[in-house]
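Only one structure is covered here, and it is reproduced in the block below.
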Protein chains: 2
Amino acid sequence: MRYKYGCDMRGMFSFQILWLLSKRKMSGEEIAREIAKRRGEKPKAGTLYPALKELRMANMVNGVRSGRTITYSLTAHGRICLRHALTYFCRSFGDVFNDAK
Amino acid sequence: MRYKYGCDMRGMFSFQILWLLSKRKMSGEEIAREIAKRRGEKPKAGTLYPALKELRMANMVNGVRSGRTITYSLTAHGRICLRHALTYFCRSFGDVFNDAK
DNA sequence: TTAAATATATCGGTTGTCCTATATGTAATT
DNA sequence: AATTACATATAGGACAACCGATATATTTAA
């Protein structure tokens, strides 16, 4: 993933994962449920796990296995990327939100 | 463009175009400048015009040429799609935005 | 101990967001 | 008339968000 701070909104799914993990450690299933609460549908396994793999390979997220579940959490680098992405996100879409309520 | 109301955030660029056009009619260049104000970078012609073409083919936007500029505006159908997309967007990312400020 | 449920993972394919580079048509300038 | 600038457009390619289908562990239940 890139998170250029320019004109690129291809990272929304990974962005949301990073944001959720900034709140608390979660398993893949928990992440899927949190996204479902917001988007209305659970991301499929074929969407979620490749994204988590990308985030791990980019050293933004790490995972600790215990039994059959893996608990994912942000790395220091992930926290920095999230902060930049948040700034970009709010600057890009802040007025859309303010407008909507 | 699809605007399924499920788990799909691939339509952010088109979404932002629709939202901008809901404020006022604009040419392609004006749309690009408005996006630049928010995202920090002007979308390139190879990004913008294919997206506008898609929106026209989906009957969400129409364009009226006058000289060398085309003035784009929302169709009734575009307005309906935007309203649905706004609902989805706010439900998906409302807490991210509230959190950030 | 087999069966079912849970959690993670990969594969192949489609679509949309991006790019650089190039092309076309229109208006203003020289 | 030729040049420059502006606005729109297309071609070809990369990558990320999606899907359905399938596979592999691990735990729990029958």
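Chain A is the first sequence line, chain B the second, and so forth, proteins listed ahead of strands; every chain is numbered from 1.
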Checklist entry - In whole angstrom, what separates B:Arg65's CZ from C:dG25's C1'? => result 7 Å
Checklist entry - For the pair made of CD1 in A:Ile17 and C1' in C:dT8, what is the distance, rounded to whole Å? => result 14 Å
Item to check | Atom pair distance, as rounded to whole Å: CE in A:Met57 and P in C:dA9 | outcome: 12 Å
Item to check | N/O (side chain, B:Ser14) to phosphate O (OP1/OP2, C:dG16) under 4.0 Å | outcome: no
Checklist entry - Rounded to whole angstrom units, what separation is found between the NZ atom of B:Lys44 and the C1' atom of D:dT10? => result 17 Å
Next on the checklist: Can you tell me which nucleotide in D:dC19, C:dA7, D:dA17 comes closest to the side chain of A:Glu29?
Outcome noted: C:dA7
Checklist entry - Please give, in whole Å, the distance from D:dA16 P to A:Leu55 CG? => result 10 Å
Next on the checklist: Side chains of B:Trp19 and A:Asp99 only: does a donor on one sit below 3.5 Å from an acceptor on the other?
Outcome noted: yes
Checklist entry - Between B:Phe97 and A:Phe97, how do the two ring planes meet: parallel, tilted or perpendicular, split at 30° and 60°? => result parallel
Item to check | Sugar-phosphate only, base, or nothing, as touched by A:Gly46 at under 4.0 Å among non-hydrogen atoms | outcome: base
Checklist entry - In whole angstroms, how far is the P atom of C:dA7 from the CZ atom of A:Arg33? => result 7 Å
Checklist entry - With sugar-phosphate meaning primed atoms plus P, OP1 and OP2, does B:Arg56 contact a base, only sugar-phosphate, or nothing at under 4.0 Å between heavy atoms? => result sugar-phosphate
Next on the checklist: For A:Glu30, is there an ion pair with A:Arg24 - N to carboxylate O distance below 4.0 angstrom?
Outcome noted: yes
Item to check | Residue A:Lys53 excluded, over 12 heavy atoms near NZ under 6.0 Å | outcome: no
Checklist entry - About how many Å separate CD of A:Glu29 and CD1 of A:Ile70, when rounded to the nearest 0.5 Å? => result 12.0 Å
Item to check | Nucleotide nearest A:Tyr49 when distance is taken to its side chain, options C:dT10, D:dA9, C:dA27 | outcome: C:dT10
Checklist entry - Side chain of B:Ile70: nearest nucleotide among C:dA9, D:dA9, D:dA16? => result D:dA9
Checklist outcome for this item: Ranking A:Lys42 and B:Ala45 by the position along DNA chain D of their nearest nucleotide, the one closer to 5' is B:Ala45
Item to check | C:dT17 OP1/OP2 closer than 4.0 Å to side-chain N/O of B:Thr47 | outcome: no
Checklist entry - According to a strict under-4.0 Å criterion, is A:Lys53 in side-chain N/O contact with OP1 or OP2 of C:dA9? => result no
Checklist entry - Between B:Phe93 and A:Phe93, does the ring centroid distance fall short of 6.0 Å? => result no
Checklist entry - A:Ala51 near the nucleic acid: base, sugar-phosphate alone, or nothing, with a heavy-atom cut-off under 4.0 Å? => result nothing
Checklist entry - The side chain of B:Pro50 lies closest to which of these nucleotides: D:dT10, D:dA17, D:dC6? => result D:dT10
Next on the checklist: Is the phosphate of C:dT17 approached by B:Arg39 (side-chain N or O, under 4.0 Å from OP1 or OP2)?
Outcome noted: no
Checklist outcome for this item: Taken to the nearest whole Å, OH/B:Tyr88 to P/D:dA17 is 12 Å
Item to check | Length of the line joining A:Met60:CE and D:dA16:P, which is rounded to integer Å | outcome: 10 Å
Checklist entry - To the side chain of A:Arg10, which of C:dA27, C:dA5, D:dA16 is closest? => result D:dA16
